[in-house]
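First comes the structure, then the notes that go with it.
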Amino acid sequence: MSRRTLAILAALGATIIYALNHTIAKGVMPNYVQPFGFIMLRVIGAAILFWSISFFGPKEKIDKKDYPRMFICALLGMGLNMLVFFKGLSLSTPINSAVLITTTPIIVVLLSAVLIKEKIIPKKMVGILIGLLGALGLIFFGSETRQDAPNIPLGNFLIFMNSVFYGSYLIGAKTLIAKYHPFTFMKWLFTIGIAICLPFGYQELIAIDWFNLPFEALWKIAFVVLGTTFCTYLFNIFALTQLKASTLSAFVYIQPLIGILFAVATGQDKLTTLKIVAACLVFLGVYLASKKPKPDPLES
């Protein structure tokens with residue numbers, strides 16, 4: 001199995017975890033853990049895990065010239081990105097968050113073209129547009145009413161800003177991951193992330209009533225820390241070693257599909273013809289956006 005195939009599987013695995021996270025994390029907030037307190041659990045837990053496995057990787061030091069870029073990546077990917085998403089999710093609904101996340105590829109493509117002069121081939125653009133059409137159809141023509149969404153407009157805006165921050169993080173991380181081992185990169189990013197998030201989440205972190213948390217809340221917290229934080233960031237950073245940032249971001253289209261399948265399996269939604277057609281569009285879009293272009297014989 002080629003490294004590119006493994007990278008695609010890693011990106012797919014991270015996407016599935018993210019898709020489940022919309023519902024699982026929402027089930028914890030705000031009754032058991034407040035959003036910023038949850039972020040503190042994520043960055044502290046991931047930092048400990050990445051420092052633990054870093055002993056199995058190479059011993060590397062960060063060049064002083066890379067400190068500013070490392071801090072910016074931590075600010076975007078482990079600070080602002082997480083804070084606005086979980087706060088937005090606590091105010092809005094899982095379905096709204098799923099559809100707004102699909103704006104990430106468009107943002108990444110635009111930023112990649114502007115900031116790092118990444119070429120946008122027509123097939124990739126068509127794939128992104130098809131996938132976006134499928135994702136929007138999958139979400140906007142469905143309906144969901146939830147009692148635990150007190151400020152949906154503000155929540156939706158914060159979730160959209162998460163896409164902006166995460167897309168910027170993917171572009172910034174591409175240069176560093178080409179230079180440093182993923183374990184080195186992630187342990188320092190999450191360590192910096194603790195310092196960034198601490199002013200926002202300290203009070204909510206110490207307010208968690210651990211002794212009275214039910215098992216349901218505990219396993220959901222563990223899923224978010226181990227799966228949504230540790231595994232997804234590890235999977236994505238490996239995927240970035242073989243895939244372009246715009247290709248990796250296109251996998252976000254699978255999130256609403258998996259999210260709805262998860263809801264159907266738990267008896268919270270029903271499968272319809274619209275959802276089947278939209279799912280086909282999502283898969284076609286991801287395929288076109290992730291397909292490696294053939295080299296131009298005139299350039300060889």
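Computed from a predicted model, the values in this text were never measured in an experiment.
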Evaluate whether atom CZ of F200 has more than 12 neighbouring non-hydrogen atoms of other residues, nucleotides or ligands under 6.0 angstrom away.
no
Across all chains, not counting sequence neighbours, the salt bridge (Lys or Arg N to Asp or Glu O under 4.0 Å) partners of K187 are none
Considering non-hydrogen atoms only, spot the tightest contact between E204 and G37 and give its length.
OE1-N, 3.0 Å
Would you call the rings of F38 and F86 parallel, tilted or perpendicular, taking 30° and 60° as the class edges?
perpendicular
Can you sort out the partners of K64 under side-chain contact (heavy atoms from CB on, under 4.5 Å), two or more places apart, ordered by chain and number?
Y67
Answer yes or no: is there a donor N or O on one side and an acceptor on the other, between the side chain of Y233 and the main chain of G77, under 3.5 Å?
yes
Strictly by modelled atom types, are N236 and Y169 linked by a side-chain donor-acceptor pair under 3.5 Å?
no
Closest non-hydrogen contact found for V225 with L41 is CG2-O, 3.8 Å
Hey, does the side chain of E60 reach the backbone of Y180 with a donor-acceptor pair shorter than 3.5 angstrom?
no
Do S90 side-chain atoms and K87 backbone N/O form a donor-acceptor pair below 3.5 Å?
yes
Tell me whether S54 contacts the main-chain N or O of T184 through its side chain, where contact means a donor paired with an acceptor under 3.5 Å.
no
F85/Y166 aromatic ring centres below 6.0 Å
no
If you compare all heavy atoms of A173 against all heavy atoms of C73, which two are closest, and at what distance to 0.1 Å?
N-SG, 3.7 Å
By side-chain contact (heavy atoms from CB on, under 4.5 Å), which residues pair with L49, not counting sequence neighbours?
L226, F230
